[in-house]
Amino acid sequence: MAGGLWLLCIATSVGSFLAASPLIVANDAAATAANILASESLFRLGFAADLISGVSYLGVTVFLYYVLKPVSRSLSLLGAFFGLAGVAIGGAAWVIHLTPLLLLHGDQYLTAFTTGQLQAMALTALKLQVQVFGIGIVFFGIQCISIGYLVARSTFLPRTLGILLAIGGTSYVISSFANFLTPSFGPHLMAFILPVALIGEGSLTVWLLVKGVNVQRWNEQASLRR
Amino acid sequence: MHPTDKAARIAGAVYLSMVITAPFSLIYVPSKLIVRGNATATADNILAHETMFRLSILGDLVGQVIFICLAIALYRLLRDVNKTWAWLMVSFVVVSAAVGFLNTLNNIAALILFRGGEFLTVFEKPQRDALAMLFIRLHTHGVFIDEVFWGLWLFPFGLLVFRSGFLPRFIGVWLMINCFGYLALSITALFFPGSYNRAFVVLQPVLLGELAIMLWLLIKGAKVPVSQTGSIAPTGSPANA
């Protein structure tokens, strides 16, 4: 079940990214605005996918906490808290995601601004949204590291998966800081790091979906804790 | 009083305080002050009744805090039914409160723009009002987004009530339906903004599930069979994960 939710989360966040990326023309507010208005339902679907991804990740966080609690209660709680904070930070981006639509629909009260000004504000909102994503990912990265450690320490999930996940989490954190500190170099690193992170998360997701946990060993480790 | 019954009454009381305060910020003040699509009229209203607007911001913040307290009170009441579901319920509420807290910033931004301090003189008044109106609209949309969570947390809540054995099952089912009611509202707001008000009226009976559980907790409390001294045995197993 955790695997299923996680898959949903990855699929929707990739989906949301795919829905948004063809619409955004870097540094061209007018073209971006025209794109968004031309395929508004795609943009709204991208928003819905964004929201679903956050919600399903909450489910993932709770279930992973439950699954990994027998390994270390305090550490899995720590991971869960980072996950919650990450989703809450992502939540700040949801309203920003809708801002371009409000600006570009040109309600009566917005006539105080020229079209160019409104388009510039809309593009700013889109850029802000990307920044919020970058902030949230630091928290997800730390959560991934703690989960990876717990998976590696557990007896009921393969150690390799935990190591992969911890590497993925570390690369999230690194890429995010690289983006903030050196905006020119960061994006290049991102292209290299995202696959690494996806492999880490993806492999655990697939494992949980296909194999699940070793129930017998899980019970053993759970009873040891009590 | 049985500890479970006591926990139920406390949760009911916290719930009541939320039900009393929420409509002020959410319905009363916006309906009095905000004129849709008319920035100048809204600006005049809010500047004339600034204290009321500020009170609604405060009410918003207090409401989120109460919401978290409610989640913890309900967690205490229902954790022995199933811990994982109880955790999920709390998580949804905590994120909802965080989103709600941040959302009040939109109203505060609007107020700053309406008041127009020295540093804002680079904008003309119609521009300031328009920007402020944008933030008011953003706040409304933030509420639509938060509605997703107002719905979602009710599903684990309803399921726990249903399985609890000390609260009526039909209210559990009602709460789970209530969850989908809020989700439907949110989807309507997002994709069919024109029919939001109609959807709200149609879904009203569904949304009363929360009122039902609130009243039940407060008046009837939890009916714990006499034979049960402590809590119900936890039903956790990895098969649930």
Side-chain angles (χ1 to χ4, degrees), chain A residues 1-3 41 44-45 47-48 51-52 54-55 57-59 61-70 80-81 83-92 94-99 101-103 105 107-114 117-118 121 125 156 208 212-219 222, chain B residues 35-43 83-92 94-103 105-106 123-146 148-149 152 156 186-187 190-191 193 236-241:
Chain A
M1 185 146 176
S41 49
R44 280 181 191 270
L45 273 178
F47 170 77
L51 199 56
I52 294 172
V55 168
Y57 198 76
L58 268 185
T61 300
V62 170
F63 283 111
L64 281 178
Y65 164 73
Y66 179 72
V67 168
L68 294 169
K69 202 169 60 172
F81 272 115
L84 282 187
V87 175
I89 291 171
W94 291 329
V95 180
I96 303 177
H97 200 147
L98 285 178
T99 312
L101 281 182
L102 289 182
L103 281 167
H105 267 307
D107 277 4
Q108 189 60 39
Y109 69 92
L110 286 170
T111 43
F113 291 102
T114 64
Q117 285 176 329
L118 290 176
M121 284 198 263
F156 48 82
L208 284 172
V213 296
N214 186 327
V215 177
Q216 195 195 342
R217 295 231 184 119
W218 189 90
N219 280 329
Chain B
V35 187
R36 248 202 100 165
N38 188 339
T40 318
T42 309
K83 233 176 186 157
T84 312
W85 285 109
W87 246 99
L88 191 65
M89 174 181 80
V90 174
S91 304
F92 281 139
V94 169
V95 170
S96 162
V99 172
F101 236 84
L102 221 92
N103 196 25
L105 202 54
N106 283 321
F123 290 109
E124 298 156 27
K125 170 135 172 51
Q127 287 187 329
R128 268 199 295 123
D129 288 350
L131 264 185
M133 197 62 194
L134 176 72
F135 278 108
I136 296 265
R137 296 268 288 142
L138 278 179
H139 180 264
T140 313
H141 278 73
V143 172
F144 292 152
I145 291 170
D146 224 10
V148 172
F149 289 95
L152 281 173
S186 208
I187 291 169
L190 191 56
F191 289 98
S237 83
N240 292 345

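In what follows, every heavy atom counts, from backbone to side chain, and hydrogens, waters and symmetry copies are set aside. Order of the sequence lines fixes the chain letters, A, B, ..., with proteins taken first and strands second; residue numbering starts at 1 for each chain.
Close placement of the A:Tyr65 and B:Trp87 rings is indicated, their centers lying within 6.0 Å of each other.
The most heavy-atom pairs under 4.5 Å with chain B, out of A:Thr61, A:Leu102, A:Leu101, come from A:Leu102. Ranked by non-hydrogen atom pairs under 4.5 Å with chain A, the options B:Pro156, B:Pro126, B:Gly37 are led by B:Gly37. Per-residue counts of heavy-atom pairs under 4.5 Å with chain A were compared for B:Ile145, B:Leu152, B:Leu102, B:Val95; the largest is that of B:Ile145. Counting heavy-atom pairs under 4.5 Å between each of B:Val90, B:Val99, B:Leu134 and chain A puts B:Leu134 at the top.
Taking the side chain as every heavy atom from C-beta outward, B:Lys83 and A:Tyr66 never approach each other to under 4.5 Å. Under the 4.5 Å side-chain criterion, counting only non-hydrogen atoms from C-beta, A:Phe47 is in contact with B:Leu190. Residues B:His141 and A:Thr99 have side chains not in contact (no heavy-atom distance under 4.5 Å, counting atoms from C-beta outward). A:Val62 places none of its side-chain heavy atoms less than 4.5 Å from the side chain of B:Trp85.
Neither the backbone nor the side chain of A:Phe156 comes within less than 4.5 Å of any heavy atom in chain B. Both the backbone and the side chain of B:Leu131 come within less than 4.5 Å of a heavy atom in chain A. Of the atoms belonging to B:Leu138, heavy atoms from both backbone and side chain fall under 4.5 Å from chain A. Heavy atoms closer than 4.5 Å to chain A are found in both the backbone and the side chain of B:Leu88. With a 4.5 Å cut-off on non-hydrogen atoms, B:Phe92 touches chain A through its backbone and its side chain both. Heavy atoms closer than 4.5 Å to chain B are found in the side chain of A:Leu51, but not in its backbone. Contact of B:Asn106 with chain A is made through the side chain alone, with heavy-atom distances under 4.5 Å.
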Between B:Thr40 and B:Asp129, does a side-chain hydrogen bond (donor to acceptor under 3.5 Å, both in side chains) hold up when you go through it step by step?
-> CA-CA 6 Å; B:Thr40 318; B:Asp129 288 350; 4.6 Å; no
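Using a distance-only test at 3.5 Å, with no hydrogens or angles considered, a donor-acceptor pair links the side chain of B:Ser186 to the main chain of B:Phe144. Between the B:Ser96 side chain and the B:Asp146 main chain, no donor and acceptor come within less than 3.5 Å of each other.
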